[in-house]
Structure formats: C-alpha cells, structure tokens
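Take a look at the structure below.
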Amino acid sequence: MARHEHRVVSLALAAALFAGSAAAEVRIAFIDPLSGGGAATGILAQKTHQFYIDTINAAGGINGEKIELMSFDNKVNPQESLIQLKKAIDEGARYVVQGNGSAVALAITEAVLKHNERNPGKEVLFFNYAAVDPDLTNDKCNFWHFRFDADADMKMAAMTSVIAKDNRIKRVYLINQDYSFGKAVAAAATKMLGEKRPDIKIVGDELHPLQKVQDFSPYVAKIKASGADTVITGNWSNDMVLLIKAGKDAGLKVNWETYYGGTAGSVTAIGEAGVDTLKQVSEWHKNATPELDATVAAFDKRYPGKENEYSYWRAKTMWEMFAAAAKKAQSNDPVKVARAIEGMKMQTSLGEVEMRADNHQILQPLYVSTLAKAPKYDVEGSGLGWKSDAKVEGKDTALATSCKMERPR
Amino acid sequence: MSNTRRPLNALKIGTVALVALALLPHVPGLGSDFGRSLLSQMGIAVVFALSYNVLFGQTGLLSFGHAVFFGLGGYVAIHVMRAINHGLPLPMPLVPLAGAAGGLLCGLLLGAAMTRRAGTIFALISLGVGELVYAAMFMLPGYFGGEEGITASRTKGFALFGLDLGSQLAVYYLIAAWVLIAAGLMQAFARTPVGRMCFAVRDNAERAEFVGYDTHGVRCIAFAVGALFAGLAGGLHAINYEIVSADAVSAQRSGTVLLMAYIGGAGHFAGPILGAVTLTWLQTSLSGYTSAWLLYLGLFFVLTIRFAPGGLAGLILMHGPIFHTRSFRRVLASYGIALVPTLVMACGAVLLIEMSYRLSTQPELGSRMRLLGIAVDAASVWPWLAAVLMLAGGFLGFRGTWPRVASAWERASEEAGAHRAVEAS
Amino acid sequence: MLELATFSLLNGIVYGLLLFMLTSGLTLIFSMMGVLNFAHASVFMLGAYLSYQVGLWVGFWPALVIAPLLCGLVGAGIERYGLRYVHKSGHVAEILFTFGLSYLIEELVTMIWGRNAVANNVPAAVDFPLFTLFGSTFPAYKGLMMVISVSMLVFLWLALKRTRMGLVIQAALSHPSMASALGHDVPGVFMLVFAIGSGLAGLAGVIGGFMLLTQPTLAHAVGPIVFVIVVVGGLGSLAGAFIASMLIGILQTFAVAIDYSLVDLLRALGFVITRSTPSYEFLSIKVATVAPTVPYLLLVLFLIVRPRGFLGKRDV
C-alpha cells in the first residue's frame, strides 16, 4: 500500500533526523508552552523532566532502553496541542507528558483516547503532571490518562482540614477566577467548609475575569468591608500576585489560603507582603524535610538561577514510578506499563504514594505551608521560604470518584 | 484585456488547484499524519485569511477582532456536531455550513453597528468587540464551555454513503473541498457589483457616497461576507480538531490572521493564501527550532511593512511586467549577488538573537551551543564580535550591491515599457 | 456601607488617574500626528523595565527621570527610522507598523530580562502608608502616581496651548507645507511629538511597573483598555481622555462592589425566575463579575450613541 510506504519512509526519515543513535529508545513527548506567556513554567518543567530522565538513563535506562525527551511547544493552546500531539506520535512518541492548563489536558486526554481507539497496537499513554481539573479523573477519566498531581478537590480537602482545626477562623471570603477551575475551587470550598466547620461563615463568593484585572483594590475594599479573616483563592500567576499586593497596600490583615502561592516567580513578586499570611497547598516544599533532598540539591546545582527554582517534586514521583512500572512489566509497551502502574504503591522520602487503579489519580502526601522569613531553605534567593503547618498523608487525600474506567481487553 | 477570457482562466486555475490539492497529501514528507494535519491546518488558515481580506484588502476595513466570527462559527458548528453525535440526521461534511450560517448571523448583527465608521475608529471598535466577546466566553460556560471549550466527535453519528472522517486524510480532503468552494465564492464575490463597490468604498468613500452609494451598506455587506467565510473556517476547525475553546475568538488569533493577510499581500487575491501557508508553516515548524520564533515573526512583519508593503504576493507580482524582457536575467543575476551580503547579515542577526536568548532565558543549558551547524560559545567574546561584524559587513555589502539591483531593474522596466508601447501601436 | 462607598470612590479615582497616565502620551501622539500607536503600551512596559534596571544602578529618583528620557529616545528612533517611511502608505500601514513593533518590543524585553516577572518592588522611598482611613491604609506611591498623572495633564495642556512650541506643533500638523515654508522643521516636530509621547509612556511605566507586574506580558495586559479610553474620550482629545479615564475608573470600581444580577432585578420587579428559566445562566451573572468588562461595554455603548466620544471634534 502506497500510503503505508509513505508512513514508513517518513518515519524512517524522522527517526534518522531525531534519533542521533541507532539504539532503541523510549520516546517521550513533552507538550507544554515553551514560548510566549506560559513559557516560564513550561520550560522549568521541561528541565525538571529532563533532569530525572537523565538520572534514569545514567542508571542504564528502562529495560535496557534509554529515554528520550522530545519537546513540543503548544503555547498553552488546546488546538495547537493537538497538532503537536500528532507531530509527536508521527515521530514515534508513545508517551505524552503535559501539565499546564486543564483545558489543554482535557483536549489531549480526549485526543489520546480517540487515537488509541482508531489505532490499536500503537497506543499512547498520557502522563499529566499538573492539570488539576477534577473531571480528568472523574467524569472524563480514561485508561490512558494518569495524573501525578493532586486534583483541585483533594487540595481543597487538605486546605480545609487545616482550616477546620483553626478556631480563630470565623469568616471566609472566596475569590476566584471566572472559569471552570475557579468555579470548581469555590464550589469545593463551600461544600467542604460546610461539612467540616458549619460555623464558619462564607462572607463572600467572588468570581472575576481570568487575567484581566489590573487593579485589585476594589476587591480588597470589598473583602475588608465583609470583615473576612481568611481568603481562599485558586488564583494563579498575575491574578494571585496582584491580589495579594493590593491587600498589602490597603493594610488588609487576612490569611491567604492559595493553591499557587508557591509557583515560579510568585514569592519574588509578593515579597514580604506574604510573610505569615500567605499559605499554599503542595506536594512538597523546600523545608518539607529537615535536609534538602539530594536530587533537589543536584538540580539546583545543574540549573542555577532564579528562573530555575525547583518546584515539580511530583515529576520525581512520576519518573520513579514509570521506571518501576516498566521494570515490573518487563516491557516498555505503553499498554503493559499502564497495567503495571495501576494500583502501584511506592515509598518515597515523604511517605507512601499510590496510583489509584479506579481513576488513575495519584495519592501522595500534601503539605499546607506558610511563607516565613529566614527559613532554612529560601525561595528564589528572596530570604523567604515555606514552613509546614500540616501534612496530610497520601491515603487520607483520597476522595470518592465518579470514574467508570473502561479497560482495553 | 477582454472579459471573455476570465471564466476560462478561472476554470484552468480551478482545475490546477483541484489536482494539486488532491495530490498534496501523497507528496513524500507530507504523507504522514502530521503532514496531512499540517495541510488541513493550512487549508483552514487559507479560508480564514481570505475571509479577512474581504474586509481588509477589498473593503479597507482593518479589523482586530476577526477571530470573533471564526470562533462563533466554530461554536455553532461544534454544537451541531454534538447534535449529530446524538442522532441529528445531518451528514458531517455539511457541518461547516452551520459554521458559515453562525458567522453570517453574528456578522450581520454586529456588523450593522460596527461598520458605521471605517478607518481607525473601526479598527478600535473591532478591538473592543473582540475583547468583549472573549470575556463572554468565560462568563457563559453553558454555551461556550469556558476555558476548556466544547468537544464533539466527527465520527459518531449519521454517515452519508458510509463516509467516515476517522482518518486525517479524509478530513484533509473534506477541508480541501471546502477551501476550493470558499475561495471560488470569495473570488466570485469580488466580481459582483457589490464586490466592486467595496473597492470603491475602500479607495474613496466620500466619492462613492457622492455618486449615490450607501457606503455603510456596502461595508456592512462586505463585513457579513467576511464573517460568513470566517464562520466557515471555524466550522472546518471544529471538524479538524473536534474541539472549540475560547482561544478561537482570542485577540491573538485575530492578530495572526491580520499578519497572514498582510505578509502574504492584501492587494492580491492570492496574497492571503500565500501568507496563511507561510505563517502556518512557520508557526508549527520554526517554533520547534527556536524559542525566539515570535521575535523573528515580528521582525519579518515589520520589515514587510517597511520595505514591501505589497507583501509576498506584491513582491512576486512586481516581476510580472519584466518577466519576458531580456534584461530579466540581469535582474536575477543582481539578486544573486545581493543575496550573499543579505545572507551574511541575516546570519549575523540570527547569531546575535540566539545567543542573547540563550543567555537570558536558558542560562542553565550553558553557553555552548550549535548554531547554523557551527559550535559556538556565547560566553566568549569572539562569536559576538563575529556576529556584529557579519551584521555590519552584510549591511554595508548589501548597500554596495543594491545600486546594481536598481540599475538592472531600471533597464528591465524600460525594456518592458518599450515592449508595451510596441504592442499598443 | 459608607466605608465601602468611600473606598470605592477613592480607588476609582486612583485607577482612573493610572489609566489617564497610561493614555496621555497616546492621546498626544494621536491628536498631533493622527497615528494610533499600538506600541504605546509596549513603550510603557519598556519604561517599567528600564526604571527597574536603572533603579538598581542609581536608585529610584534618578530612574524616575532617566527611564522616561530613554523611552523618549526610543520613540524618536521609531519615528525617525520607521514611521516616517511608512507614513507614505497611509494610516493603516502606520497602525500595522506599530502593531508589529509591539511584538518586537515584547520579545526584546524577554531577550534581555527573561520571561518571569522581575522583582520590581515598590521603592522604599515611597513605600509607606500616606494616611489611614476606616482602618485601611493608603500607600504613598499611589499619592505620587496621582500627582504625576495630574501634572501630566497640566503640562500637556500648557505646552500645547500656551507655548510657542505648541503653536508650531499645531501649525505643522494642520498645514505641514506652509509651516515648512516658514522655515520650521516639520519632520523634526513630528519626531519630537513622538518622542514626548513615548517619554510620557515611559514615565507612566516607572510607576505602573511596580503597581502592576513587570513582566513581558504587561503590555498585552494594559493595551486594549488604553484604546477604549481614547475612543470613549474622543479621539485625540486630552480633556476627553481625562474624563473617560476617571469615568471608567470609577464605574468599574463601583461595579465591583455590586453583588446583584439581572435575576435580582427581575425578581424585584415581580417576575418569577428559577434555574430552569431560559438563559438563566446569562441573567444570573453578577454585576461585580462583569465589572472588568465595563470599559468594553462602554465602548460599544458609545459606538451606538456617540461615535466621536465625549469631546472628540472629528470622526476619523
């Protein structure tokens, strides 16, 4: 068949162009923003993945094969991601890694599902390291998708469990971005606070447009007028930093309970305004363990500079679990690896992690931490860093799922 | 020039285009799924850029919000696709029509108000409307699905004659067919009396008004036609990606289509096609090689405006009159000579840009890098010096060889002029 | 309630003045040269970066002067080596040229300062509460911003209406050939106007840089709203731009404070609205949620009612 020949020819061409060496390789496609607005986080994640892949390769690879990371720039755009996904599969990638943006993740998981249905024998797996829309492991779950980050609800469960123990918190204000994720955060906060601390009054439930607000002072005036003592927000990037800066300007004294207080560049931008009041939920922070993890130290050494502040601990979990699963399956075939990774448990320096079999959601310890002055390890050379308030063990982060997983026969 | 030759020409061009479009996905290199996907994407961009040019090139309306109609058409199409998935007896290949209808409707509604003014005011208004519609996407997730958009499947549901859109090749052929139809219709629109009035309104609105034409009405019609085909492109987008999300109406997409039309050349029908194909290719390929691709794109754009206002098509067409002259060879030869310093200059610029980017955005990768096949160390002063020398030397060389090009051109156009005079007598 | 109203008014005025600071240079360039400068917000961003960088070397106060001057130089260069040649191809080409420049400046800034926000914090010299009202503080740098914004208005008004230079500028614009025949350097005047406009953008950038976030997407974030003000105020009218800035600032701030939706209005009028009412989703959007789109709503409103804006004298 002519068509088939073409594919072989172009594959061979692609292989010759991209392989560099003749040895068999496991190709991983990393599809995330590498240019434009989201590039800062995308490139940092790329480095982190490369770092752990190099570690695996240095130890002999998986089942004797080396891992090769191929990067594709999706400009945080679902449509562009699908083009790049096609390109990646054409170039022989059988694993896809993505994290920035739930919209992109939803597009990719659906495209992967369609691809695997239409091309049996050439299945592709999707490792999601950061997209947190709960839908991905609930209504829209599928066998090919694995999430290595806690979803928005799990993080909220951790956050509210800490709030529940703090009797000083009486009045909570919710402010979120007006789109699916922001609304999910608001809904989860309302529901979980209602269950854990019915006495807490939710004095405001605000939605503002995504990345459009330049001046948050009016919102701060409103928060102040509501008499809130705690603000819960899923805001990220500019929307979070500008909000907290505006709060500082007006002398607003509240606790900021955030999802993304620790993301790249935030602490630098917020500065001392966040000390003792800015809190975040994350699977790791620099002071989570008394001593800095060896791989983090090695990463810092290899990638110095403020732009390279280590923040993707879950990438370590992901690659270690991948290597372990491939070893257990004695194969690098995506379907076999997927079966091996389902339900897998692993001990890490922070505690036990488990990949749930029923919805492919990882269970890992979560930390609620507060920004503090002069901690043992600071962030971005700012002299500020995170201090743990509480740790939630992995098994305690599990929530009920609506996922009805269909497995290949 | 007689009008009777036109239909024949159109037929000839149409046949050539048909054959070319049919064969393209089997050309080695484009034969992969990715190649076909790229071709499909180019097809969508072509329709979109052509629809933009109905506004811009033809009617002189500079819009910064054309993606609104692309996106809204796309949303209508994806909702129709969902309905088909749930049993609506409509063949999938007709879905772009739904997109076109959506685009037309929105174009008429918004256009009636937006086209009351032309020029700068219109440009600003389109910008504002674009922002407003984009914001609405997030406020009404029931209709638009917010950030994650609306998805559907192109394979589920009613299939006409067992036609299945599962493979990228089938999708490509569907898109190619629609590209032909849309391009033909838009070309035909330019020939209608209203289409011709668009040119008049663009060139001198006051005069057109004075001789009794309703300029607002003409602009409004052109706007609606542009919106219709933008909606069609949106429909094709919905079929190709099976997803439409808020970024379909974003300012960025509006900006891209503007760049496509302008870089390709808004003055000629083929210009936007050229621009759409070039820019789509740059977007998907160049971004794989360098993270500075946006800078190159911006540079490309600014240089086009500054030195080649006619765009790529203008540059090519410029050579039409002198093509048959004897001096044409001299022109080509002078190009060849001028090309050398130009390339040196470009290499110098690329070196500078890539080294700066590496040091400022990826310092951890180290200062050693491979550029244009050569290993360089951005930490040492030598590559910088070499780059600056290349840039300056290339520039001086370019200035030196330019008179040669100019004189060759002059001679060729003189010859062409003489040739025309002979023909006329 | 009084507290919230007072603060909304105060915040509205502050935001309005910030917007005016952003637009004044653009209005100047537009009213004088007829060029709608799409790169204006980019020059504003450049001002923020330059002041950050210069501030690191010599401190905030000198940077407040040096950064705008540098931006003025950049503006002069843009006019001298770019716009002047594009001018021949008409206004659309000019707009497109500046549009392309906005891409370039964003990438250049990335190339020099990287992709993440730089630590452009409020300078210590103006980082203290100016006064306290109802327990909320008002930072000094906002006061500084208000002073600068108002002085821009006064400076521009005086410069154009009360100085000889202003007269020459106006003459060069309305009758270029005549002004040129009288021995005035018309291209030079254009360059100067563009330089001053860019310098004002740079000055706005110094303050805006630490009020907002100094990062490569800054220009994109403030770009569209600047144009809305120019339209609503009336293209090219300085006073119109001022009024529009204040109006938008105050309207938007008050809108944020209103937690009602159309549903509440209809219910108050006696209609029965439930979740199953058609377009419930649309009706239930709160005014506060829509607040940041108020400028664009205003834009559309003006387009229908009064296309020339508040104080515009001409249609373009």
Side-chain angles (χ1 to χ4, degrees), chain A residues 2-3 5-7 9-11 13-14 34-36 39-40 43 47 71-80 82-91 101-107 110-111 114 117-119 133 135 140 177-183 207 209-210 212 302-305 307-308, chain B residues 25-38 40-41 44 74 131 134-135 137-139 141 145-149 151 153-155 166-169 237 240-248 250 252-253 280 283-288 290-295 360-365:
Chain A
R3 216 203 302 172
E5 266 173 42
H6 280 141
R7 181 163 298 162
V9 170
S10 63
L11 260 184
L13 261 175
L34 302 173
S35 70
I43 290 174
K47 288 167 189 165
S71 297
F72 298 88
D73 181 12
N74 72 356
K75 302 151 194 126
V76 223
N77 174 332
Q79 172 213 328
E80 185 67 27
L82 299 189
I83 300 169
Q84 299 301 335
L85 176 66
K86 275 186 181 146
K87 196 168 164 183
I89 293 174
D90 254 30
E91 286 171 11
S102 287
V104 173
L106 284 161
E110 204 157 315
K114 282 175 189 156
E117 273 169 11
R118 291 171 193 170
N119 302 280
D133 188 331
D135 261 1
K140 290 183 178 156
Q177 295 151 324
D178 193 8
Y179 78 111
S180 53
F181 167 68
K183 287 178 182 172
L207 293 173
L210 184 60
K212 281 258 182 270
R302 177 164 156 192
Y303 299 112
E307 294 207 331
N308 297 323
Chain B
H26 298 289
V27 172
L30 293 173
S32 61
D33 249 12
F34 170 68
R36 286 161 187 170
S37 168
L38 183 64
S40 308
Q41 206 196 344
I44 297 167
E131 289 288 331
Y134 184 70
M137 297 287 122
F138 294 98
M139 285 182 219
E147 182 209 36
E148 62 218 53
T151 54
S153 167
R154 62 181 178 233
T155 50
S167 76
Q168 190 61 44
L169 189 64
H237 171 99
N240 190 36
Y241 297 112
E242 305 176 289
I243 179 172
V244 179
S245 57
D247 71 71
S250 63
Q252 200 178 3
R253 190 177 294 264
T280 309
Q283 254 174 358
T284 44
S285 300
L286 198 59
S287 62
T290 164
S291 59
W293 71 280
L294 274 169
L295 182 68
S360 67
T361 63
Q362 297 162 299
E364 68 295 336
L365 294 182

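What's counted below: heavy atoms across the whole structure, side chains too, no hydrogens, waters or symmetry copies. Reminder, nothing fancy here: chain letters follow the sequence lines and each chain counts from 1.
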Write down the atom of [X], the atom of [Y], and the distance for their closest heavy-atom approach.
X	Y	answer
B/Trp293	A/Asp73	NE1-OD2, 3.9 Å
B/Asp247	A/Pro78	OD2-CD, 3.1 Å
A/Ala107	B/Ile243	CB-CD1, 3.8 Å

Side chain, backbone, both or neither: which part of [X] has an atom under 4.5 Å from a heavy atom of chain B?
X	result
A/Leu106	side chain
A/Glu80	side chain
A/Gln177	neither

Gap separating the [atom1] atom of [X] from the [atom2] atom of [Y], nearest 0.5 angstrom:
X	Y	atom1	atom2	answer
A/Ile83	B/Asn240	CD1	CG	7.5 Å
B/Thr155	A/Lys114	OG1	NZ	7.0 Å
B/Tyr241	A/Glu110	OH	CD	15.5 Å
B/Ser37	A/Leu82	OG	CG	8.5 Å

For B/Ser40, is it the side chain, the backbone, both, or neither that has a heavy atom closer than 4.5 Å to a heavy atom of chain A? neither

Checking heavy atoms, do the side chain of B/Gln168, its backbone, both or neither come under 4.5 Å from chain A? side chain

